[in-house]
2 protein chains.
Amino acid sequence: MIGLTPTQAAVLAFIEDRLDSHALPPTCREICARFGYKSPKAASDHLVALEHKGFLARDPMRARGIRLLKPRGIPVLGTIAAGLPADSLASRDHQLAIDPAVFGIKDRSNAFALRVQGDSMEGRSIFDGDIVMLESGATPRHESVVAALIDNESTLKTFLRRDGKTWLRAENPRYPDLIPAWDLQIQGVARAVIRHLPP
Amino acid sequence: MIGLTPTQAAVLAFIEDRLDSHALPPTCREICARFGYKSPKAASDHLVALEHKGFLARDPMRARGIRLLKPRGIPVLGTIAAGLPADSLASRDHQLAIDPAVFGIKDRSNAFALRVQGDSMEGRSIFDGDIVMLESGATPRHESVVAALIDNESTLKTFLRRDGKTWLRAENPRYPDLIPAWDLQIQGVARAVIRHLPP
DNA sequence: GCAACAACTATACATCCGTTTAGCAATGAT
DNA sequence: ATCATTGCTAAACGGATGTATAGTTGTTGC
């Protein structure tokens with residue numbers, strides 16, 4: 001009863017995909033076409049289950065009357081204790097409801113965000129409390145701001161490329177100025193800095 | 001042929017409203033119900049006209065197959081030459097596709113954005129090229145960042161309230177430090193700072 | 001073994017929905 | 001005066017859509 005079965009999770013993921021690509025939730029028969037079902041009742045049953053478990057609400061007797069209840073957004077990962085960002089995606093505490101396509105991130109599954117702690121990037125005008133949206137799997141350029149995994153902690157650094165060699169420059173005196181970039185986990189390339197000014 | 005008739009503009013506005021409130025475009029008959037039409041052909045005709053004029057695209061034979069082509073966003077007003085932000089809304093050159101509700105702006109018609117020029121707000125860590133999202137009609141608090149109209153030019157200032165009197169503090173040496181805030185046009189209160197890092 | 005549940009198939013129904021055909025009234029341009 | 005455009009009504013068609021009924025298969029828990 002609690003939690004989603006693999007099939008239900010797949011249907012929910014398909015609905016989310018369609019909202020990304022077509023901006024419209026799918027119909028029952030479009031769900032059937034995606035999964036090869038031969039009866040619309042199959043998709044309808046999954047929607048009933050997803051609604052009963054609180055993942056979506058339906059407008060009865062309305063075409064495409066599906067509304068997702070858990071709002072979709074970009075996961076905001078605070079200080080990452082260990083592992084890749086993908087591992088921390090499960091703990092979706094905070095979500096940033098901004099379309100990553102605004103900042104040139106085409107695949108939203110590669111987008112994540114970090115809340116900046118401390119003055120690691122004062123030199124690049126990124127300050128404590130700012131939120132940085134990053135793209136994982138992207139290739140950084142010279143002087144790109146990247147999130148790097150050092151000592152099991154994720155910190156922002158400036159990526160440098162010179163004479164075919166790559167370095168990371170820390171903008172914080174607590175870290176050494178230059179760190180070789182190979183053998184390091186670069187988790188993502190920063191695409192935007194967002195600062196919310198509370199009223 | 002060029003431009004929208006008042007009726008067509010009303011239908012387009014209704015579609016935009018429905019996308020905001022229900023996240024789904026309306027059906028032809030829902031448009032009829034809104035405007036009192038007694039035949040679905042009336043709404044269908046308007047959709048054909050709006051499609052022909054390039055404001056939307058339709059998925060034929062699909063329920064709610066309406067996609068807006070001109071993406072909705074927050075107007076980005078550069079340096080405002082004169083007048084209120086509302087006057088400049090007509091020149092929607094750039095649009096910021098970020099939902100203002102993320103930053104606590106409930107009514108999106110009150111949201112607008114400014115691209116920061118110069119170092120007017122270095123003291124508040126807002127730099128040249130940053131985009132500031134603002135809310136018009138809001139009441140600023142002590143030390144809120146506001147856009148004020150001075151000498152027919154829109155600039156960012158810090159709003160100060162002390163002993164019942166209100167002042168504006170410029171964070172740029174080119175302007176006087178303190179300006180009385182009454183008799184001045186405060187165009188909006190800054191809610192967020194956004195910096196796009198190009199790849 | 002048996003009940004409960006998940007995950008479907010097959011068929012069917014009533015409604016929803018986009019579209020078509022035909023026509024009317026008002027307006028403005030040629 | 002005539003024609004084109006806009007903005008609708010009326011009626012209807014067929015595909016699209018959500019839902020219901022009845023049944024099948026396999027898995028899990030007791």
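Scope of the values below: all heavy atoms of this structure, side chains included, with no hydrogens, waters or symmetry mates. Chain naming here is simple, since letters A, B, ... match the order of the sequence lines and numbering starts at 1 in each.
If you take OH of Y37(B) and P of dT9(D), they are 8 Å apart, rounded to a whole angstrom. The CD atom of E51(A) sits 13 Å away from the P atom of dG18(D) (whole-angstrom rounding). Rounded to an integer number of Å, the gap from L24(A) CG to dA16(D) P is 16 Å. Between H52(B) atom NE2 and dT5(D) atom C1' the separation is 13 Å, expressed in whole Å. As rounded to whole Å, 14 Å separates atom P of dT9(D) from atom CD1 of I31(B).
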query = For nucleotides 14-30 of chain C, read 5' to 3', which letter fits each nucleotide if B means a protein heavy atom sits under 4.0 Å from the base, S means only the sugar-phosphate is that close, and - means neither?
reply = --SBBBBB---------

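Within the 3.5 Å criterion, the main-chain N or O of A63(A) finds a donor-acceptor partner in the side chain of R64(B).
A donor atom on one side chain and an acceptor atom on the other are not found under 3.5 Å apart for S136(B) and Q187(B). Between the side chains of Q8(B) and K53(B), a donor-acceptor pair is found at a separation under 3.5 Å.
Remark: H46(B) is in phosphate contact with dC8(D), judged by side-chain N or O atoms under 4.0 Å from OP1 or OP2. Contact between the side-chain N/O atoms of T7(A) and the OP1/OP2 oxygens of dA7(C) is found at a separation under 4.0 Å.
Under the side-chain contact (heavy atoms from CB on, under 4.5 Å) rule, L156(B) has a single partner from V146(B), L134(B), D130(B), which is L134(B).
Salt-bridge formation is not detected for the pair K106(A)/E135(A): no Lys NZ or Arg NE/NH1/NH2 atom is positioned less than 4.0 Å from an Asp or Glu carboxylate oxygen.
You'll find the side chain of D107(B) stays beyond 4.5 Å of the side chain of I105(B), heavy atoms only.
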